[in-house]
Number of protein chains: 2
Amino acid sequence: METRELRYFVAVAEELHFSRAAERLGIAQPPLSRAIQQLERRLGVTLLERDRRSVTLTGAGRVLLDEARVILDATAAAARRTRRAASSTKRLTLATKAGSNHELLRKLLDAHATEPEAAEIDVLLCGMGEQARMLRDGRADAALMQRPFDALAGFDTEDLLTEQQVAILPAGHPLAARTALTLADLSDVPDLPVARWPRHDGTYEPGPGPEIHDLSQLAQLIALGHTLAVLCASSRSWLWSAHAAVPLTDASHVTTVLAWPAHSRSRAVAGLVRTAARL
Amino acid sequence: METRELRYFVAVAEELHFSRAAERLGIAQPPLSRAIQQLERRLGVTLLERDRRSVTLTGAGRVLLDEARVILDATAAAARRTRRAASSTKRLTLATKAGSNHELLRKLLDAHATEPEAAEIDVLLCGMGEQARMLRDGRADAALMQRPFDALAGFDTEDLLTEQQVAILPAGHPLAARTALTLADLSDVPDLPVARWPRHDGTYEPGPGPEIHDLSQLAQLIALGHTLAVLCASSRSWLWSAHAAVPLTDASHVTTVLAWPAHSRSRAVAGLVRTAARL
DNA sequence: CGCTGTCATACCCGGCCGGTATCACCGCGC
DNA sequence: GCGCGGTGATACCGGCCGGGTATGACAGCG
């Protein structure tokens, strides 16, 4: 199975339409039909049911679609990682959630800068939960992520900092005067629906609160009194004067971790991990 | 990057010799040289340092070698899984260590057989630690594995049974008369070196004991009085009369788990997992 | 200084990838 | 019922590229 065939198959399987898929691929329809037939012949499996008026995936086709997506992503990541390994042995890209854990990032970068032989670090600021994609993509070599919020499957990690969570509220709100809160206190504040974060797959669970894409948007919404949010304590570093932070006594703790692709053999990443382990 | 190019590159990177790699691939040397040059040109990266007398990998080459191996394995697995999905919706292959956990396997199969809509199960008997490869390969849909011995990374699991470990000894040995032992008792028995299991990567750590590949071999070696072994308690089901099993009071417990590829969407696997969860 | 072994280059051929033209077929509307 | 539009499949052709053979350039070695 060549990646070209997989690319073609994914296009057809997603469009369920040969002509549209061909257009998307930038080729004509007949060669595409032929390529898929050839793939089916070589596998000895019918992947698509052509029904004169509609194209549908067979069970085997669904399996191959899942697998092919993974393979194509891995191939693109491999090319990127290879290119980056060539262009810059002494340079690495660290993905981090824009705005979060500023103090920790500062400490990590400062400590790393004092290391002899240390690689230079490019900081790549991401939206919520984008770090995992960047790491898988090969666009980043390492990332700061948070357990249990971020999807850490497939990565190796080093714990950096465990901290309490706090509720971030509009400064004028009655709850903001309290010295401590519980999750129950927040679950049903009538005028302040809890902000909704994207899940691991990028979708949002239904609910009344606004969908959050990045922290500056969240900050604005809280300052406007439209929502409240639960974040780790170090978020205090970016609070506005219109914000108030109140500790949550019963929320799970959050651990910020340094994550990198499992089995990475990059010396630059290893150096950063060593620095992080000493923090 | 086409899989053909990756296949060629892996061959050259492993052999570090174009002619031998070409022979292994079943093609002539010049086309291979050209293919690698083309790959390098397309990536804009030199992967191999040709030094008139020797070929060595560059840093980028090492990165691509790791990535390419993963991609090629994934591609082969994808083909196998697709073929199997086509040939048998109602059939799945369960990999298990030959000889181990016989009682548990029996219970699982019996319970599954009574389910309506249940897939038929082909049991695939593996040597030590081979199940992980079978799962990754796509040669098996699920496997019985043991924590903490087997490499479970990348799989989803369902715990089935946690049990104590026991020492298996030749029946006539002095230690066999004891009612309980500790790991310290076993660490330095002069005439009975402890059997060595393969590690996750298939290699063995150095030591005096014999290298174990499967349980029948181990059984024979113990019966001959050449070694002793530490196994989970359910191993008692296959003991010979020439064997004795003595509980270990301080060894970590072993959990037998049902494992399957993460994100599997197979209905047949889901059915088996449901059965297992009810055990 | 040839000999050997290495990888690169030159050149040729056949197959396959992609394009255009067309077919076979279905659903739809008049 | 009969064009008509739109679907994927087929037929055919041309050019590119992957593969082969022959050979070159060069280093190490006896």
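Computed over heavy atoms, backbone and side chain alike; hydrogens, waters and symmetry mates excluded. Convention: sequence-line order gives letters A, B, ...; per-chain numbering from 1. All of these numbers come straight from a predicted model, not from anything done at the bench.
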Distance in angstrom units between [X] [atom1] and [N] [atom2], rounded:
X: Glu23(A); N: dG19(C); atom1: CD; atom2: P; result: 13 Å
X: Glu2(A); N: dG15(C); atom1: CD; atom2: P; result: 19 Å
X: Leu32(B); N: dC7(C); atom1: CG; atom2: C1'; result: 10 Å
X: Ile36(B); N: dT6(C); atom1: CD1; atom2: P; result: 17 Å
X: Arg42(A); N: dC16(C); atom1: CZ; atom2: P; result: 9 Å

Worked verdict on Met1(A) versus Glu67(A) for side chain to side chain contact (heavy atoms under 4.5 Å, CB included): CA-CA 12 Å; Met1(A) 282 197 309; Glu67(A) 303 276 341; over 6 Å; no

Residues within residues 4-21 of chain A bordering DNA chain C, heavy-atom distance below 4.0 Å: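 The answer is Arg4(A), Tyr8(A).
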
Arg50(B) vs dT6(C): side-chain N/O to OP1/OP2 distance below 4.0 Å: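 Looking at the OP1 and OP2 atoms of dT6(C), neither is under 4.0 Å from any side-chain N or O of Arg50(B).
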
Any Ser33(B) side-chain N or O less than 4.0 Å from OP1/OP2 of dC7(C):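 Checking dC7(C) against Ser33(B), no side-chain N or O comes under 4.0 Å of OP1 or OP2.
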
Ser19(A)-Glu23(A) side chain donor-acceptor pair, cut-off 3.5 Å: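 No, no side-chain donor-acceptor pair sits under 3.5 Å.
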
Any side-chain donor near an acceptor of the partner, Thr3(A) and Glu2(B), under 3.5 Å: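 On atom types as modelled, these side chains qualify, holding a pair under 3.5 Å.
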
Summary of protein contacts for nucleotides 20-30 of chain D, nucleotide by nucleotide, where a base hit scores B, a sugar-phosphate-only hit scores S (4.0 Å, heavy atoms): BBB---SBS--

Ionic contact status for Asp66(B) with Arg265(A), cut-off 4.0 Å: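 So Arg265(A) pairs with Asp66(B) through a salt bridge.
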
Salt-bridge criterion met for Arg274(B) and Glu158(B) (N-O under 4.0 Å):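 Salt bridge between Arg274(B) and Glu158(B), a charged N being under 4.0 Å from a carboxylate O: no.
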
Non-hydrogen side-chain atoms of Leu43(B) and Leu39(B) separated by less than 4.5 Å: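 Counting from C-beta outward, Leu43(B) and Leu39(B) do come under 4.5 Å.
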
Sugar-phosphate only, base, or nothing, as touched by Gln38(A) at under 4.0 Å among non-hydrogen atoms: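 Here Gln38(A) touches the backbone only, sparing every base.
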
Cys126(A) vs Lys97(A), side chain to side chain contact (heavy atoms under 4.5 Å, CB included): CA-CA, chis, key distance, verdict: CA-CA 5 Å; Cys126(A) 303; Lys97(A) 214 169 293 186; 6.0 Å; no

Step-by-step ring-ring contact (aromatic ring centres under 6.0 Å, His included) determination, His263(A) to Phe155(A): CA-CA 8 Å; His263(A) 316 120; Phe155(A) 302 134; over 10 Å; no

